[in-house]
Every structure is written in structure tokens, then in C-alpha cells.
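Note that this is a predicted model, so its numbers are computed, not measured. Proteins come first, then strands; the chains are lettered A, B, ... in the order of their sequence lines, and each starts at number 1. The analysis underlying the following values was restricted to heavy atoms, covering all of them including side chains, and did not include hydrogens, waters or symmetry mates.
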Amino acid sequence: MADTPMLELRDAARYFDVSRPLLQRVIAGEGKRLLRAVDGVSLAATRGRTLSLVGESGCGKSTVARLAVGLYRPSAGQVMFDGRDLAEARAASDQRRRMQMIFQDPYASLNPRWRVRDIIAEPIRAFGLLPDRAAQEARVAELLTQVGLSPLDGHKFPHEFSGGQRQRISIARALSSNPEFLVCDEPTSALDVSVQAQILNLMKELQSRMGLTYLFISHNLAVVRQVSDQIGVMYLGRIAELAPAESLFRRPRHPYTRALMEAIPDLDMTGRARIPVGGEVPSPINPPTGCAFHPRCPLAGPRCKAERPELKPAGDAMVACHAVEEGRD
Amino acid sequence: MAAQNPLLEVRHLRVEFPTRRGTLVALDDVSFTISAGEVLGVVGESGAGKSMTGAAIIGLLEPPGRIAAGEILLDGRRIDNLRYEDMRRIRGKDIGAIFQDPLTTLNPLYTVGRQLAETMTTHLPITPAEARKRAIGWLDLVGIPAAAQRIDSYPHEFSGGMRQRVVIALALCAEPRLIVADEPTTALDVSIQAQIIALLKSLAREKGTAMMLVTHDMGVIAETADRVAVMYAGRIAEIGPVRNVVKQAIHPYTVGLMGSIPPLDRRVERLAQIDGAMPRLSAIPKGCAYNPRCPKAFARCTEDRPDLLPAGATQAACWLYAGEGKTNG
Amino acid sequence: MTDTLRRFFDSDVWWSFTRSPITIISAIVALICILGAVFAPWIAPHNPFDLASLNLLDAFKPPAWTEEGERAYLLGTDDQGRDVLSAIMYGARVSLLVGLSATLFATTLGVTLGLLAGYLGGKLDALLMRICDVQLTFPSILVALLIDGVVRAALPREVHDQIALFVVIFAIGISEWPKFARTVRGSTMVERNKEYVQAARVIGVSPPRIMLSHVLPNVLGPVLVIATLNLGLAILSEATLSFLGVGVPATQPSLGTLIRIGNDFLFSGEWWITIFPGVTLIAMVLSVNLLGDWLRDALNPKLR
């Protein structure tokens, strides 16, 4: 079915037990402590498009990325891959092959003891895609060329490459199993801007050439604007606003989305005085009652303290905000 | 045109790292000045030498790095050849330092109040009681709520953003005339980043403190700095008033760097990118270090190394502007 | 192969080796000890175990350079008329064999369990680490003595003599594995959270395969250091056990046995019988330890 989303999260949640060891807990007389990294997220990634998640550290975006490829199992709710349960899909290697991930840290994402050609060929070998060694080598060379490296680079070790080149190797590894769905967890945030532009261009190019579906995680709104079709803004484990990219930037609705945009330094030097949002992100172990953003929100009212807002349609977007719903924005 | 005597003057600074494979030149012929009350932004990609310039000024070059040539003058007095003890005194009193990770600056075993008070009593002629009073004042000034109660807290009891505020208070409390801030906001979330930048800017303005702000974030520079130095491969590529560098960059590298920053206000199909990567220190090309990546390189660029020359409103180390200095001069 | 060699001689480890005179001397001393021990049957001037060639008339000959010394016995002879130099070479052979085997055993066991504990975590990790904790509270020599005592009591003498060597190896090895397990567990927990391991997990590479081909090669650096340092320790443990008379059987004297035998004659003037094996033991252990120290510094990027 063409309109089954590539990835769908249905009220998915992921909690981490961050309790102290049993003995200490008994002595201090405290209960278990749960960190609600992701707390009820629903979204769908359309085939061939890019769905991005933005938010500050601790908002749960990286946890969503790991839920999406099955590195974590959801504590509640469902994660569906191409219409079926993810855990079930991952049990079959021909389904697992269809999803891949690109990581943030180009220095930690490649095994330092392996040669580049073995790193890139790992998925090919794991899935038994090309049994013949010569064919594997040819494929690795092709992949290296595709990501803008030389086939001769295959015999080198990761430490011989710069950060940007390593990220290209990561992409080549991800592409080697001919995936359809790529989860990209902050793929450019460890890179310098000029290199970031190279990688973003490469990723866009590969997407249009191969029809890839991206789940793109970033904290950088400007980067997200360049690559996304749809954007979810996350705050403290929940989605605050989910909107088509252009709409989100043209008309940010959620007060948090507006605060985020307001916070970005102005490169155009219009000299406009920015009013930075006050306060800090609260702890996901003890989130505020009601709407998690209410202690920092200029529009907060009594209802925001008491009742947690659900995602509701507002124009072409979905917004979880009482003020927006009530037209107080 | 010559302004009053600059507070900090760096002349032809050269930093070398002797290694087993020969001596690496990490900084080469770096010259600039900072006047009282002025914020000089230093930008560049990782490995360009921006942090090392800061480290050389505060006398904390990591061994085996050493200043091989040139001089650093603070208020007309040489500080690059001081003994460790003398330099340490200057570091607290005349130069304040702010680093990316606040935990490296704060001593986890002492309360923030004690650290602030000790810094002040060491460098200023005041009594401990007076120091404590001032410490509360500083915490209040950097925006720590309920400063009088928080003064006896330990660093780990503060959140990341609050800790960085404490570090800023610590750097400023002995009323230094120069602050060297190395990526002060990089470890922080965007919304906190904006608060810290606003704080630094207003404090520097109020107290008339000169600041060297090292960062890779052009947005931060555009908002905070008066002048900006763009570094590439251990040299200054371009230096000038921030408006000119950001809006009408002269050096092809600055042009490329500015172009590769993804814009927030629009979506572009393909970001401008600089191909290749900055050379490693062990393989800096002959002539202009940027020549292999430069779209405008010509014969001379591969032969001679350009010095900073006046070009328009800024100074650029680029042969394209070799003639201009004379006509303008 | 030539490529690997070329990379080795180009590496920082080799470079730091050439820069450290103490390390070079240690390596030479260790090499002499090892070669002398390994090739003892071919290069030793006498065979100390050939009873036919022993002559009590040759007993208590002092070293060759003293007045009463004989050229044939460079380091003198003991109470049985055995050549001390040859006995040392044969003894070092036993010491080295026990030390290496015990270290290999401890390394294999410790690395395997540490890898499992660190990668799988949970209850297995808790169990293994508590065992480590308990074992680390006993001095290793005590553990070795205990095992040796139990085996001695449980088995008849002739059987015991046959397997005594293995008992010592086992006893020393089992008392040293927790060090390896703890280190490997720690590094494994760091590595398993690194993104290259996650990348392998996304592909669906099986846990045993991830442990062996991804994690193991990246945690071996510190293991090599501990193993080297542990080799010196194991040789010493064996010498202590043998000195106390509960180590290797008398038919296969190690350096420790030689020191014990010679100890009886120390105060009657025949100092060479115990001093030379003692010096050899010190030289061997010290050089191995210095090599281990250097290796630790050379593999630690922070100190470079």
C-alpha cells in the first residue's frame, strides 16, 4: 500500500528506570524513579519524505530515533514499520535490511580497529547480500564513490579521515544494505559548518536519487528547515507542535516553537532586540504538572498548570497548547 | 585612524608543537588588537587555531605547544614570557577565562560562594565579609535566582546553564580588564545560549571589559562582537568590523563559510559548500593555505603566502586584494 | 605481513620504546632470561637433572672467579654438585612456564567473564562482580595456598606430583582473574554504548559476534598491560609457593625452589647457591614489570 507510512509511532513511550540501588532506596525510603524520556508520542513518516524532530537536549528526540530502529523497545504504545509491528519486522532480516541509522559522533560511530572497506561491507555480509567477495569489493568501491570518497580509501583506517569524511563513511555503511528508511540522529551537529553543508547536500541528493525516507533528528532549526518536509518540535518527551516545514516557519503556533526561533542568534544583523525565553528545561524525572512548558510560557494560564494539553489540529498543524486551542495566542 | 592604545596586542604570534615527525606550526603570524570595551570575535572551523590563540594569551598552552615567536602585550606590557607564577596572578586579576565546560573551571569540593570570595580576596583589597557580600551581588547580576540562598551551594547543585553563569561571575568578579571566552555557549541549549550571550554582552559593556570571544557559531559572533577575526589553518584569513565581515566578506574563505551557514528564514535547494576539508597541520599547502579549496585561486596563491592586507573595510590575507592597499593607502 | 611490520615500526608505541633507555635495557634483560630459559636444554653447560653426571665431589664449588672456583662451574655448584648456572636456566624455564600459563589462564578467564558481564549486564554482571569482590578481599597467595592445600589433601602423593605443575598454574591463575574481569567489564561498558556498536545492533549482528569482533579488539589494550604486569606477579607467586614448599615438585625445581634450597646454606658461607637464583628472579620480574609500566604509558594517549 502506497500510503502506509514508512514509520508510525502510536502513543509510543519509553521510560528509563533511574532509581538508586535497592539498598539505598530502602534506607532513604524512596520509591522507584522513572525518567520519562519519551512520553506518548504519535507521528508518521511519509514514504520518500523527511520528518524531522527538533528540540533541546533531554527532549527525547534521540530516544525516538532509537525507538524507530528498534534499539529500544517502547515501554508503552506501538512502533510500526511499514504497517507492521517493528519488533516483528526486525525479526526478519529482509525487513531489518530496509532500515539503517546514521549517528552523531563521527569519531565513535566507526570501529577504530576495522578498515573502512570492512566497516562498509559489514551490513552486506550480515545480510548475506553479496556472497561473492569480488562483488562485495566492487559494491564497496561503488558506495565510496557515491558518497564522494575514493575507492582507494577502503583500505585505510577511520583515524586517517576528517570528521566530515567519517560521516561520509557512516552514510556509505548505512546505504550498503539498500535501505529505504534512514534514521539520522544529529548527523551534522559534530561537524563544522562548511562540512555540514557538504553532508546535508549529499543527504538531499541521495534522497532524491534513491527515494529514501528520513527521520532526521537535530537541535538546529536552520538545518532542519533545509531538509524537512514535516517537523515535530519536542519538549520534555512530548510533541509540542507537528507541522509541515514551511508552515512551521511561516507561522509557528506553539509558544515553545516561537521561543526556540526567537533564541537563534540573528545573522542578518537587523539589530532586533531578542527576548530570550527565561528559565531552563525541567528535569524529565520530575516534569511540571499539566503542560510541561507552563513554567516558562508567557501565555500560561491556570488550565496549563492542571491539564496536560493533547495534540490538536490548528490550521495545517497539530499543536499541543491550551492557549492556541482557546485562541489566546 | 590609530585608536588609543589597545588593551591587548598580539604581534606575529607563532605557536609550534614539536612532534616526532617534525615541528607542527599551529599558529603562524597571528596579529590583532583588542581595545577596552571591545568584543573581538574569533571564528573558524575546528583545528583553525582559534582556541589555541586564546590559550596562548592566558598562558595555558597545552604542552608540548610553545610560543616560538612573536609577542603578546597586555596594556603595553609583555605577558608571553612571564614565569608561571606571575602569569597565574595575571590570569585571575587582569584576564578572566571562560571555557566551554563549566565543570573544568569550578572546583567541585567548594561552594560557589567560597570560590567567588577567594578569587576576590586574592586579587582585590577587600575583607572576606565584603567579598561574600560582593559574591552575592555577582550571582545576582549573572541572573541566579535567590542568590543569597544559593551562595552556599556546590557546583553540582546547579544546572548546566546556571553553572555557566557561575563561571561568568567567577571570571568577572576580580574585575579583569580582558576576558577570554572560549566557546562559552557551545555546551548549552539554544534557549540558554541566548540568555548567556545577552548577559556577557551587557556585562562587558557595563564594566568596559574587553573580550575575546572564541566560537564556531557565526550567529553568536554577529550578535555579540564588534570586530571579528576569521581563522584558517593557524592564520587569520580576514579581520574587520563584524558588519562588514558578515555582510560583505572579502576573503573567499569567509565568503564560503558564510554561504555554507544554513539560513533560518528560507529553504534553499542546495547549500553553498566548500569542497574538501581544512588541511591538517602536518600538511599545510604551500602558498595560501586555502588555495586547494579556493574557487578564485590563481598562480600566485600556490606560491606565496599572503599577509593581511587592507581590502575594503576589512583586512584580508588574499592575493586578490594585493593591489588595493596601495590605492587606498 | 610486511605491511603490519611496517606499521608497527612506524607506530607511536615503537617510537616511545626507542626513546626510553630503561625500557630497552628491560627488554634486553627479559629477552636474555627468556632465551636462556627456553633454550636451556641446548645451551646450559650441564644437565642438572642427569644424576649420572652429578658427583658429590663437585659439591659447594664457589663461583669461577673466586680462588677455589673452577672454570666449568661459572656460578659454582650446590650441595649435590649441580652447576648453579644450569640449575638457574632450567629453573627459570619452570618459573616462566608457570608464570606464562597462569597469566594466560587468568587472562582468558577474566576477559571472557568481563566481556560477558559488561556487555550483557543485569543479573549475570551483578553475580560475577560480587564473586570478584569476594575474591579480591583474599590475598591471591592465600587463595593459591588454599587450592594447593586442598588438592594435596585430596590426592595421593604420586598423583599429586604428576599434576602439581597444573595445580600451581590453576591456583595462581584463578586468584588473578578478577583484575582482568573488572578492567574488561569497565571498558566493555564504555564500548557497548559507542555508536559503532549501536550501528552493528541496528543491522542485527548477534551479541556474541558484536562482543568478539567489535568490542573485544577495542578493550584489549589495557588487558595487554595488566597481563604483562601480572606475568611478573605470577612468577613471584610461584616462587613464593615453591619457597614455602607447596609449589612445583622437587623433581622440577623452579627459581623459588632453588632459592629455598640455597637458603639453608646462606649462613654457612655458600651464598652463591641462593643469591644467583634470587638475582635472576629479581632481574626477570623487574624487567617484565618495567616493560609493563612502559606499555601502560605508551598505550595511554593522555600521557603522550
Q. Is it the side chain or the backbone of C:Val202 that comes within 4.5 Å of chain A heavy atoms, both, or neither?
A. both
Q. Which region of C:Ser206, side chain (C-beta onward) or backbone (N, CA, C, O), has a non-hydrogen atom less than 4.5 Å from a non-hydrogen atom of chain A, or is it both or neither?
A. neither
Q) Residue by residue, which of residues 90-120 of chain A have a heavy atom closer than 4.5 Å to a heavy atom belonging to chain C? A) A:Arg90, A:Arg96, A:Met99, A:Gln100, A:Met101, A:Phe103, A:Gln104, A:Asp105, A:Ala108, A:Ser109, A:Leu110, A:Asn111, A:Pro112, A:Arg113, A:Trp114, A:Arg115
Q. Measuring from C:Ser175:OG to C:Ile147:CD1, what's the distance to the nearest 0.5 Å?
A. 7.0 Å
Q) For the residue pair C:Glu176 and C:Ser237, what are the closest heavy atoms and their distance? A) OE2-OG, 4.3 Å
(Q) Is A:Arg173 in contact with chain C via its backbone, its side chain, both, or neither, using a 4.5 Å heavy-atom distance? (A) side chain
Q) Any donor and acceptor pair, going by atom type alone, linking the side chain of C:Ser20 with main-chain N or O of C:Thr23 inside 3.5 Å? A) yes
Q. Where do A:Tyr72 and A:Phe16 land on the ring-ring contact (aromatic ring centres under 6.0 Å, His included) test, with the steps shown first?
A. CA-CA 10 Å; A:Tyr72 293 150; A:Phe16 293 99; 5.2 Å; yes
Q.
Treating C:Tyr119 as the side-chain partner and C:Val215 as the backbone partner, does any N or O pair qualify as donor plus acceptor under 3.5 Å?
A. no
Q: Examine the side chains of A:His155 and A:Glu160 and answer whether a donor and an acceptor come within less than 3.5 Å of each other.
A: no
**Q.** Side-chain donor or acceptor of A:Gln165 paired with backbone N/O of A:Ser162 under 3.5 Å
**A.** yes
Q) Do the ring centers of C:Phe17 and C:Trp14 come within less than 6.0 Å of each other? A) yes
Q. Which residues, numbered in order, of residues 175-184 of chain A come under 4.5 angstrom of chain C by heavy-atom distance?
A. none
Q. So which of C:Arg201, C:Glu195, C:Gln198 has the biggest tally of heavy-atom pairs under 4.5 Å with chain A?
A. C:Glu195
**Q.** Straight-line distance of C:Leu281 CG to C:Leu236 CG, nearest 0.5 Å
**A.** 5.5 Å
(Q) Looking only at the side chains, is there a donor atom on one of C:Glu238 and C:Ser254 sitting less than 3.5 Å from an acceptor on the other? (A) yes
Q) Going by distance alone, is a donor N or O of one side chain under 3.5 Å from an acceptor N or O of the other, for C:Glu191 and C:Thr188? A) no
